[in-house]
Q: 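Let me begin by handing over the structure; questions about it come next.
What you are looking at is a predicted structure, and each value in this text was computed from that prediction instead of being measured.
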Amino acid sequence: MSGPQRVKFYQTGTFTVGNRLLDISVRSIQSDADRHNSLNSGHRACQGCGEALGARYALDAAMHAARGQLVVANATGCLEVFSTPYPESSWRVAWLHSLFANASSVATGMAAAMKVKGRTDVRVVAQGGDGGTVDIGFGCLSGMFERNDDVLYICYDNEAYMNTGVQRSSATPPAARTATTPAVGPEPGNVFGQGKNVPLIAMAHGIPYVATASVADLRDLEYKVARAMEFRGARYMHVHVPCPLGWGTPTSDTIKVARMAVECGLFPIVEAEYGEIIGRRELRQRIPVDDYLRTQSRFAHLFSSRHLGGRDEARIAQMQAIADRNIARFGLMSARTAEKVNA
Amino acid sequence: MLKQCEGSVAIAEAVALCRPEVICAYPITPQTHIVEGLGSLVKSGALTNCEYINVESEFAAMSVAIGASACGARSYTATASQGILFMAEAVYNASGLGLPIVMTVGNRAIGAPINIWNDHTDSMALRDAGWIQIFAETNQEAVDLHIQAFKLAEALSMPVMVCVDGFILTHAYERVDVPSQADVDAYLPPYEPRQVIDPDEPVTIGAMVGPEAYMEVRYLAHAKQMQALELIPELAAEFKAKFQRDSGGLIRTYRTEDAETIVVALGSVNGTIKDVVDAMRADGVRIGAVSLISFRPFPSQALHDALAHAKRVITIEKSLSVGIGGNVSHNLRMAIQNPQVRMYTVIAGLGGRAVTRVSLDRVFREAMDDRLEPLHFLDLNHEIVDRQLERERLVRRSGPVAESVLRDVGGVTAGIK
C-alpha cells in the first residue's frame, strides 16, 4: 500500500471522531492548546448561540491559516453587540466595526491598505449576520465580489434579525414565525416567496470560492475556512447557525437542530470554485422536513393550525418540496444513499 | 507651476501631490472629473503606491475609505449631492471613529426635484456630522485647501470635507498654480495614525459605547473642532510661508475696516460679492465682505471680531433650512450676540440659479435702507409660486409640484436671465 492510510470513521450517523485517532496535522484547530481564541470566552451571547460557536471556529481557522496575520471587519448585529461592550472586548484579533451594511466595503478598504503598505501577508475577513449580509449589506457585498477584492466574507445565517428581537430577513424560511411575520391569520408566519440564495448569487459572480457550512459539522467548517484562505480574491462562506431564542429551540439542541436542517435538505452543504460546484455533503440519514420543523416553536403553527384545526398539510408539503428541490438540484443523495433510505 | 486648467483637474493634481494611498471613486456630477483625473494619474503610473478602487456606491466609497484609513492608509474620496446623502451614515461613522479621511464635495443641489446645479444643500445636510468643512472661493484655493486638509485631518485625526462649488469651480477653466511635489512633501509629512488596525498589536475599534461614555466621546469630537479653530490659521500661515499665497484660514475679510454693512457668504459667490462691494465703494457706500472659509468649526470669535463694528450683516446663503431660513445666518447670530446689529438672510442661487451683480446690488441697497425683509429669497418668482399655491387651494388633485411650476415657467430656459 502506497501513500498515507485513509482515515476511517467508524461511528455511524455522525462525523464525530476523536482527535486522538487522527494525525496531528489534521486535528481540529480548536483542539490545539495554542489556538488563537479569536473570540474569547466571557462574551454576552445567549446560551446555545450558534453564531458565537460558528464565529469562534471560523476565525480561529482563519487565524491559523493566516499565521496570526488577520484583520477583521464586523457588521453591526448580535456578533458585534455581544462581543464588544467596551472595554470588555472578546476579540483577540485586530477587529473593526463600522456599520450594519458596510462590512464588505470596510474589508475592501482594509485589504487595499494592506496591499499598498506591502503587507500582503495580512489577510482580511469580513463577517456579519444574515440581515447584514443578504439584506442591508447586499449591495456592498456584490460590489466586493465583482471587484474580486481579497476578502473572505463569512455570513452567519440564523435566519432573521435576532439582535433587534427576531424580525424577518430575506433569509427567513417560509412559514417561520418572527416578530414581523406573526403566526396569525389564514397564512401565518413568513410568506412563501422566491427565496434568496446568496451562495448561488455569490457563485454567479464567479468568485474563487463559495461554500456553505453548518455548526452541525464544525470540522467541515474549519476545513472550508482553511480552504477559502488558500485563495486570493473574493470568497464567501454561508454558515448556518441556529438561534435558540429566535427559533424557539432548547439551548442544548443547537447542534442537533443544525444537523436536522442539513439532513432534511433545507440547508444544503456545498462547495464551489470559480462559479462551479465542486463538492457537496451528501445526506447521511435523510429525514422529512416534518421532523426538523417540529423541533422549533417558530413553526409550531404548522402542526396545530388554529385556522385548519390541525396540521397545515399544504404548507408542510410546500416546505418538503423546497427540501426535495435542494436535494435534486445539488445532488445531496447518491444512488447508494437513496437506496439506504428507501430500504 | 502655473496652468490653465479645469478646476477638477487641478484638484485631482493637488490630491495626487498629497500621496493618497487609497482612493475610492464613484461618479456623480459635478464631482466626476476629479476622480476621473485621479484614475488617469494612477493608471498612467504618475501616481504610484496608490490603490484606486471603483466602488459600487457612495456608501461603499466612504466605507472603503473607513477600512483603509483604519489600517493606516491616507484615504480620499469625492462626492456631491445625492452621493453625500447616500453615504450619510458612513460620513458620521468616519468622524465618530476619528479617521482623517479627506473628501471633496462638488457642491450641488439635492432632489427632488432632481437638479445637477450648484448650491450648498448637500454639505449643509451633513454640517453636524462631525467633519471639518472648509469652503473654497476659487480654484486656486480649492487646490491649496486640499493640501492643507490632509495635514489638518491627520493632525487632529478627524475627517475634512473640502467644499467646492459644482460647475462654478469644478468645471471652470482658470489659471492655477499647482505646487511642486517637493514643496508639498515638505509641507505634508507621511500619515502617522493615532490608532491602527494591526495584526501585530490587535485592538478592537468600533465597540459599543453606552450612556456611561457616549457623551464624553461626542464632546471630544467637539473639542477637536475647537482645536481646529487654532490649527486652521496656523496651517494657513505655514502654507503661506511655504507657498507664498494666502489660502485657507477661518475667514477672509474684504474692505470691512470701516464698513457699516458686511456681507457674509461661503464659497465662490464671494467673487461676485466683492465685485459688487467694489462698485458700491466707488459710490461711497461703506460696505465690505467676509468670506467664511471654515464653516465647521464655526469661527464664532473671528466673525465676532470682524463684524463687531457693522450696523448690519447680510448673509448670502446657497442653502435653505426649510421651515426657518438660513443655516449660516443662524450660526452667525450666535457669534455676533449683539441685538443692535440688523441681520438679513438672503437665500440665493438654489439649484444653480445665477447670483447676479444686479440682484446683489439691489438687495444690499434695500438692506441699507432697512427695506429688506429679514428672510429674503433672491430673484424668487412670486407670481409662479402664488399661481401654484392658488392651484392647490382650488383643486385637490393639483398634481406634481415641480412639473406644474415648470409648465408655468414655460420651459427650462425661460427663467435664465
Q: Sort A:Val122 into side chain, backbone, both or neither according to what part of it lies under 4.5 angstrom from a heavy atom of chain B.
A: side chain

Q: Below 4.0 angstrom, N of the basic side chain to O of the carboxylate: do B:Arg19 and B:Asp185 qualify?
A: yes

Q: Taking atom types as modelled and ignoring hydrogens, do the side chains of A:Ser105 and B:Ser63 form a donor-acceptor contact shorter than 3.5 angstrom?
A: no

Q: With only heavy atoms counted, which part of B:Ala90 is less than 4.5 Å from chain A, the side chain, the backbone, both or neither?
A: both

Q: Which of the residues A:Thr84, A:Val116, A:Thr108 is involved in the greatest number of heavy-atom pairs with chain B at under 4.5 angstrom?
A: A:Val116

Q: Under a 3.5 Å cutoff, is there a donor and acceptor pairing between the side chains of B:Arg108 and B:Gln31?
A: no

Q: Using 30° and 60° as the class limits, which term best fits the ring planes of A:Tyr236 and A:His238: parallel, tilted or perpendicular?
A: tilted

Q: Which one of A:Phe145, A:Tyr153, A:Tyr274 satisfies the ring pair (Phe, Tyr, Trp, His ring centres under 6.0 Å) criterion with A:His205?
A: A:Phe145

Q: Would you mind checking which part of B:Val203 comes under 4.5 Å of any heavy atom in chain A, side chain (CB onward), backbone (N, CA, C, O), both or neither?
A: backbone

Q: I need the single residue from A:Arg119, A:Arg232, A:Lys115 that forms a salt bridge (Lys or Arg N to Asp or Glu O under 4.0 Å) with A:Asp150. Which is it?
A: A:Arg232

Q: Name the region of A:Ala66, side chain, backbone, both or neither, that has any atom closer than 4.5 Å to a heavy atom of chain B.
A: neither

Q: Is it the backbone or the side chain of B:Ala60 that comes under 4.5 Å from a heavy atom of chain A, or both, or neither?
A: both

Q: Using non-hydrogen atoms and a 4.5 Å limit, figure out which bit of A:Met114 sits close to chain B: side chain, backbone, both or neither.
A: side chain

Q: Between A:Leu99, A:Leu70, A:Val71, which shows the greatest number of heavy-atom pairs under 4.5 Å with chain B?
A: A:Leu99

Q: Between A:Glu80 and chain B, with a heavy-atom cut-off of 4.5 Å, which part of the residue counts as in contact: side chain, backbone, both or neither?
A: side chain

Q: Is there a donor in the side chain of B:Asp122 and an acceptor in the side chain of B:Ser81, or the other way round, less than 3.5 Å apart?
A: no

Q: So which part of B:Asn93 gets closer than 4.5 Å to some heavy atom of chain A, the side chain, the backbone, both or neither?
A: side chain

Q: If I measure from the heavy atoms of chain B, does A:Ala107 come under 4.5 Å with its side chain, its backbone, both, or neither?
A: neither

Q: Do B:Thr104 and B:Tyr76 have side-chain N/O donor and acceptor atoms under 3.5 Å apart?
A: yes

Q: Do you know which of B:Ala65, B:Gly72, B:Ala68 has the most heavy-atom pairs under 4.5 Å to chain A?
A: B:Ala68

Q: Could you tell me whether the side chain of A:His36 and the main chain of A:Ser38 form a donor-acceptor pair under 3.5 Å?
A: no

Q: Which bit of A:Leu96 is near chain B, if near means a heavy-atom gap under 4.5 Å: side chain, backbone, both or neither?
A: both

Q: As an exercise: rank A:Ala101, A:Ser83, A:Ala111 by heavy-atom pairs under 4.5 Å with chain B and give me the winner.
A: A:Ala101

Q: Using non-hydrogen atoms and a 4.5 Å limit, figure out which bit of B:Leu97 sits close to chain A: side chain, backbone, both or neither.
A: side chain

Q: Can you tell me which portion of B:Cys24 sits under 4.5 Å from chain A's heavy atoms? Options are side chain, backbone, both or neither.
A: neither

Q: Working note: B:Asp198 + A:Lys117, criterion salt bridge (Lys or Arg N to Asp or Glu O under 4.0 Å); need CA distance, chi angles, decisive distance, verdict.
A: CA-CA 12 Å; B:Asp198 178 354; A:Lys117 291 184 175 300; over 6 Å; no

